[in-house]
2 protein chains.
Amino acid sequence: MRADARRNRQSVLDAAYDILAVEGLGVPIDEIARRAGVGAGTVYRHFPTKESLIEAVVLDRLEALTAKARSGIDFAEFFTVMVEAGLANRAIAEVLASAGYHIPADADAALNAAFAELLQAAQRRGDVRLDVTPDDIQALVIGCVATARHRGATDLVQIVVAGLRA
Amino acid sequence: MRADARRNRQSVLDAAYDILAVEGLGVPIDEIARRAGVGAGTVYRHFPTKESLIEAVVLDRLEALTAKARSGIDFAEFFTVMVEAGLANRAIAEVLASAGYHIPADADAALNAAFAELLQAAQRRGDVRLDVTPDDIQALVIGCVATARHRGATDLVQIVVAGLRA
DNA sequence: GGTTAAACGGGGCGACCGTTCCGATTATAG
DNA sequence: CTATAATCGGAACGGTCGCCCCGTTTAACC
């Protein structure tokens, strides 16, 4: 791979990450290209479709979340981390809410597995009601992101966490 | 107003209500027109912009909700009613989440006022924590709709309601 | 039934966006 | 330095959608 090609590819990824976080999935490719200082054609040479570019960006974030989940973090804390991740990055939130795009099953599964472990540990310790599943929690995270977006305060998350207690 | 004009206006409103509930705000005007059995031009004669048509439809729903809030309903029940309204009607949910559109301030205010009364009564009775405001609840409703859309179950609402208890 | 003005409908315009194409450019090897 | 092939950039295409226009229809009143 030629040096300029590799450099451009990275510029596109960086620009896409920044803009997607702020503008969400609706942002035009041309805007990402302009921000990256390349032409739209260059974006499409490296990523065959808009969806594949978004996938590459989002995947990176999901992996970071998975790593965090495996770092011995507390369940309630991690819940907050996930909500904050969705808040800081519109694209993440929209993809999680599957507003048109979908993520590769294996990346999703890895996050879910790490997450399920945290949840089960919390339930074994008696901190969380037994009748909630990982899917329930994912839905609640999506909901909390939507909630928090419309009120600056993230302390509403505490209400949901309180409701989760055994 | 001519009889056919009044009839067509109503057809458009009915069609818009049905389609918006299922498809959400992204639905093209032509589709609403087709469903109503009229041309797109006719839609625009009665509603100058797409937004004004949506506003008319959503307003009607908000008024129904306001009436329900004033019918002596219990706070927790009404919370569920609002979530279900958002769930049954994509357009309502998207407007509430202000995905691009906004509702006239007075209709919003009427609903909020009726709603604030319910909340205060519940707080006086000691059923709901004192540190939540009507705005908090509205945000939570939006979140619950987002949550419930991604899991068939509305019983997740119970978790949030449990968290709201004093 | 005739007259008239309101209402109709669907083709068309302009804007936007994802994607493709191709002539110009430039990194790299010999 | 030159040749060459990979890469670039941005104009252009096709599709979609909100909105407008205007020739045609039709309700309403005499």
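Side chains are part of it too, since the values below use all heavy atoms of this structure and drop only hydrogens, waters and symmetry mates. Throughout, protein chains are lettered first and strands after them, A, B, ... in sequence-line order, and every chain is numbered starting at 1.
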Ignoring backbone atoms, establish whether [X] has a side-chain N or O less than 4.0 Å from OP1 or OP2 of [N].
X     : N      : result
B/T42 : C/dA7  : no
A/R2  : C/dT26 : no
B/N8  : C/dC8  : yes
A/Y44 : C/dT20 : no
A/H46 : D/dT7  : no

Ignoring the backbone of [X], work out which of [options] is nearest its side chain.
X     : options               : value
B/P28 : C/dC17, D/dC17, D/dC8 : D/dC17
B/K50 : D/dG18, C/dA27, C/dC8 : D/dG18
A/A3  : C/dA27, C/dC8, C/dG18 : C/dA27

Looking only at heavy atoms, which two atoms of A/D74 and A/R125 are closest? And how far apart?
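Shortest heavy-atom separation between A/D74 and A/R125 comes out as OD1-NH1, 4.3 Å.
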
Nearest heavy-atom contact between B/M82 and B/V141 is CB-CG1, 4.0 Å

Value in whole Å for how far the [atom2] atom of [N] lies from [atom1] of [X]:
X     : N      : atom1 : atom2 : value
B/E31 : D/dG18 : CD    : C1'   : 14 Å
A/R7  : D/dG9  : CZ    : P     : 11 Å
B/I29 : C/dC13 : CD1   : P     : 21 Å
A/M1  : C/dA27 : CE    : P     : 15 Å
A/R9  : D/dA6  : CZ    : P     : 18 Å
A/D30 : C/dT19 : CG    : C1'   : 10 Å
B/R45 : D/dC19 : CZ    : C1'   : 13 Å
B/L53 : D/dC19 : CG    : P     : 10 Å

Distance alone, cut at 3.5 Å: any donor-acceptor contact between the side chains of A/D14 and A/S11?
no

Students often get this wrong, so: under 4.0 angstrom with heavy atoms, is A/A40 touching a base, only sugar-phosphate, or nothing?
base

Over all strands shown, is B/V43 touching base, sugar-phosphate only, or nothing at heavy-atom distances under 4.0 angstrom?
nothing

Main-chain N/O of A/G24 paired to A/E94 side chain as donor or acceptor, under 3.5 Å
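Checking the backbone N and O of A/G24 against the side chain of A/E94, no donor-acceptor pair under 3.5 Å is found.
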
Hey, which of these two, B/G26 or A/R6, hits DNA chain D nearer its 5' end, going by closest nucleotide?
A/R6

Determine whether A/V160 and A/T147 make a side-chain contact, defined as any pair of heavy atoms from C-beta on separated by less than 4.5 Å.
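Sidechains of A/T147 and A/V160: no contact.
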
